[in-house]
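Chain letters run A, B, ... following the sequence lines, proteins first and then strands; every chain starts at 1. Note: hydrogens, waters and symmetry copies are ignored here, and every other heavy atom, side chains too, is used.
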Amino acid sequence: MMPPGIQNDRPVTSTYQRIYAVISRIPEGCVATYGQVAFLAGIPHGARRVGYALSALQGKSSVPWHRVVNAQGRVSPRSGGSCADEVQRLRLESEGVGFGANGRIALDRYQWRP
DNA sequence: CCACTGACGAGTG
DNA sequence: GCACTCGCCAGTG
């Protein structure tokens with residue numbers, strides 16, 4: 001496969017693509033935190049990177065971005081005026097993920113454990 | 001190359 | 001429990 005002389009010592013996948021790859025591994029009915037995804041993507045302190053990467057998706061990709069929530073088990077209110085946070089919640093509930101009375105997800109119950 | 005930006009996390013008041 | 005601040009780091013113009 002790799003012809004000699006060409007060194008792929010650096011992953012062709014850019015940071016964003018790695019993030020997408022990790023998120024796409026999240027099973028249905030589970031959720032992951034930004035920090036968790038970042039860590040699995042190889043960016044221990046890149047929680048912001050994850051959010052920024054997802055903002056670039058905006059539903060244009062097949063990545064289940066709605067399974068990514070913040071460390072408090074809540075969907076992040078993002079800028080732009082879009083109501084994606086609302087859609088996210090509906091999609092999660094549709095997958096069996098229950099929200100608390102305060103609009104919070106029980107991470108101890110639904111958080112993805114690789 | 002430089003500056004700004006940003007779906008966060010953790011800590012503080 | 002909520003509002004604010006600081007820190008992290010790569011992408012975009």
Original post:
Got a donor-acceptor contact below 3.5 angstrom from the Gln36(A) side chain to the Trp112(A) backbone?
Top reply: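 Yes, the answer is positive, given that a donor and an acceptor are paired below the 3.5 Å cut-off.
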Subject >> Side-chain donor or acceptor of Asn70(A) paired with backbone N/O of Gln72(A) under 3.5 Å >> reply: yes
Original post:
Can you find a donor-acceptor pair, distance only, under 3.5 Å between Arg48(A) side chain and dC8(C) base?
Top reply: yes
Original post:
Taking atom CG of Asp85(A) and atom NE2 of His66(A), what is their separation to the nearest 0.5 Å?
Top reply: 14.0 Å
Original post:
If you round to the nearest 0.5 Å, how far is CD of Glu93(A) from CD1 of Ile105(A)?
Top reply: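 The distance works out to 9.0 Å.
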Using whole Å, report how far [atom1] of [X] lies from [atom2] of [N].
{"X": "Phe39(A)", "N": "dC8(C)", "atom1": "CZ", "atom2": "C1'", "answer": "15 Å"}
{"X": "Ile26(A)", "N": "dA7(B)", "atom1": "CD1", "atom2": "P", "answer": "19 Å"}
{"X": "Gln111(A)", "N": "dG9(B)", "atom1": "CD", "atom2": "P", "answer": "11 Å"}
{"X": "Ile23(A)", "N": "dC8(B)", "atom1": "CD1", "atom2": "P", "answer": "13 Å"}
{"X": "Gln17(A)", "N": "dA10(C)", "atom1": "CD", "atom2": "P", "answer": "16 Å"}
{"X": "Ile19(A)", "N": "dG6(B)", "atom1": "CD1", "atom2": "C1'", "answer": "12 Å"}
{"X": "Leu54(A)", "N": "dA10(C)", "atom1": "CG", "atom2": "P", "answer": "17 Å"}
{"X": "Leu57(A)", "N": "dA7(B)", "atom1": "CG", "atom2": "C1'", "answer": "11 Å"}

Original post:
Reckon Tyr52(A) touches a base, only the sugar-phosphate, or nothing at all at heavy-atom distances under 4.0 Å?
Top reply: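 Sugar-phosphate, no base atom in range.
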Subject >> Out of dG9(B), dG6(B), dC8(B), whichever nucleotide has its closest atom nearest the side chain of Arg49(A) >> reply: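 Of dG9(B), dG6(B), dC8(B), dG6(B) is nearest to the side chain of Arg49(A).
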Original post:
Which of these nucleotides, dA10(B), dC8(B), dG11(C), is closest to any side-chain atom of Tyr16(A)?
Top reply: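 Minimum distance to the Tyr16(A) side chain belongs to dG11(C).
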**OP:** Report the residue (Arg74(A) or Gly46(A)) whose heavy-atom-nearest nucleotide on DNA chain C is the more 5′ of the two.
**Re:**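 Looking at the nearest nucleotide for each, Arg74(A) comes out on the 5' side.
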**OP:** Assign each of Thr15(A) and Asn102(A) to its nearest nucleotide of DNA chain C by heavy atoms, then name whichever residue's nucleotide is nearer the 5' end.
**Re:** Asn102(A)
**OP:** Answer whether the closest heavy-atom distance between the side chains of Gln58(A) and Trp65(A) falls below 4.5 Å.
**Re:** no
